Structure formats: structure tokens, C-alpha cells
Amino acid sequence: MTIFAPKANKTLTKAADHFTKLMQELDIEKYNLEKYKELFMLGSFQAMFDADLAYHVIYQKCAQNAQSKSSLLLCLHEEEKLPVSNAGCFDSNIYRQNIIKAIDELKLHILSGELDYLFM
């Protein structure tokens, strides 16, 4: 008798890999380059950094909690409720706004089924 079992490891890593890739594409480490040091004097550059940092953190949380759609949604829901701050950001309000924006975007993609392929 043949027994069919789902490929759990492949399914579990597919979603985590997706969010890890998104996190890496942001390349938050680029802000440590010497050529950006003077740009940090500009408020617009600081806001861009805070936005990238917020998305980086959310993608990291998603990669860690991507076992299922429900665990991912629960993680996002919890992050949304927490008063998030990050010592590395310039403006905690801009950082928080981008955390909420990232969460809202991801929830929309998950609930609409756009990311279902990650959990199959």
C-alpha cells in the first residue's frame, strides 16, 4: 500500500524563503556604506531609512512565523497591537506608520489569496 505524505519541509520553507528574499532585497546594510553618511543629515533620507527598517523588521517577523497563513496572520495581528519602537530609527512616528503600512499590505495580500501559493 502506498502512503502519500505532504512535503512539509518544502512547504514550510517556501513562505519563509519568500519573506527572507523580500527582506534581503531591501538591503538594510547599504545604509552603513560611507557614501550614505552625509545623506543621513537629510530628513527625507532619514524617513526613507525608517521606512526600509520597518519593512525589514516586518519581513523578518514574517519569515520567522510563516509556518501557515494563520500563524502569519496572528503574528501580524500581534505586531499591529504592540507599541513598536526601534532604537535604530530616526523618527519613531514614521517608523510606526511604516510598520502599520507593511502589516496592512501583507494582510491584504494574504487574505486576498495572492500568497496562497506559498503555503501549498
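Quick caveat: nothing in here was measured; it's all calculated off a predicted structure.
Listed by chain and residue number, Tyr31, Phe49, Asp52, Leu53, His56 satisfy the side chain to side chain contact (heavy atoms under 4.5 Å, CB included) test with Ile28 (two or more places apart in sequence, or in another chain). With sequence neighbours left out, Ala51 forms a side chain to side chain contact (heavy atoms under 4.5 Å, CB included) with Asn98. Asn32 pairs by the side chain to side chain donor-acceptor pair (under 3.5 Å) definition with Glu29, not counting sequence neighbours. Not counting sequence neighbours, the partners of Ser70 by the side chain to side chain donor-acceptor pair (under 3.5 Å) test are Ser68. Remark: Glu34 pairs with Lys37 by the side chain to side chain contact (heavy atoms under 4.5 Å, CB included) rule, at least two apart or across chains. Partners of Lys35 by salt bridge (charged side-chain N to carboxylate O under 4.0 Å, His left out), not counting sequence neighbours: none found. Residues passing the side chain to side chain contact (heavy atoms under 4.5 Å, CB included) test with Leu82 are Glu79, Val84, sequence neighbours excluded.
One finds the NZ atom of Lys101 at 12.0 Å from the CG atom of Leu106 (value rounded to the nearest 0.5 Å). Between the CE atom in Met23 and the NZ atom in Lys61 there is a gap of 12.0 Å [rounded to 0.5 Å].
In the hydrophobic clustering of ILVMFWY residues, with side-chain heavy atoms under 4.5 Å counting as a link, Leu72 and Leu108 come out apart. Both Tyr59 and Leu111 sit in one connected hydrophobic cluster of ILVMFWY residues. Membership requires side-chain heavy atoms under 4.5 Å apart, directly or through other members. Hydrophobic clustering (ILVMFWY, side-chain heavy atoms < 4.5 Å, transitive): Leu74 and Ile99 are in distinct clusters.
Remark: side-chain polar atoms of Lys14 are paired, donor with acceptor, to backbone N or O of Tyr117 under 3.5 angstrom. Side chain of Ser71 to main chain of Asn65: a donor-acceptor pair is present (N/O by atom type, distance under 3.5 Å, no hydrogens or angles).
Sorted pairs that involve residues 60-85 and meet ring pair (Phe, Tyr, Trp, His ring centres under 6.0 Å), not counting sequence neighbours, are lacking altogether. The side-chain hydrogen bond (donor to acceptor under 3.5 Å, both in side chains) contacts involving residues 104-116 comprise Tyr55-Glu105, Lys69-Asp116, Glu80-Lys107, His109-Glu114, Ser112-Glu114, where partners must be two or more places apart or lie in separate chains.
Of all heavy-atom pairs between Ala66 and Phe19, the closest is CB-CD1, 4.3 Å.
Side-chain contact check for Ile94 versus Cys89: every heavy-atom pair is 4.5 Å or farther apart. A 4.5 Å side-chain heavy-atom check between Asp50 and Asn93 finds every atom pair outside the cut-off. A heavy-atom distance below 4.5 Å is found between the side chains of Arg96 and Ile100.
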Given side-chain contact (heavy atoms from CB on, under 4.5 Å), test Leu76 with Ile58 step by step and report yes or no. CA-CA 8 Å; Leu76 292 172; Ile58 291 300; 4.1 Å; yes
Applying side-chain contact (heavy atoms from CB on, under 4.5 Å), run through Met48 and Phe90 and close with a yes or a no. CA-CA 10 Å; Met48 184 174 71; Phe90 288 96; over 6 Å; no
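Within 6.0 Å of atom NZ in Lys30, more than 12 heavy atoms from other residues, nucleotides or ligands are found, so the atom counts as buried in its surroundings.
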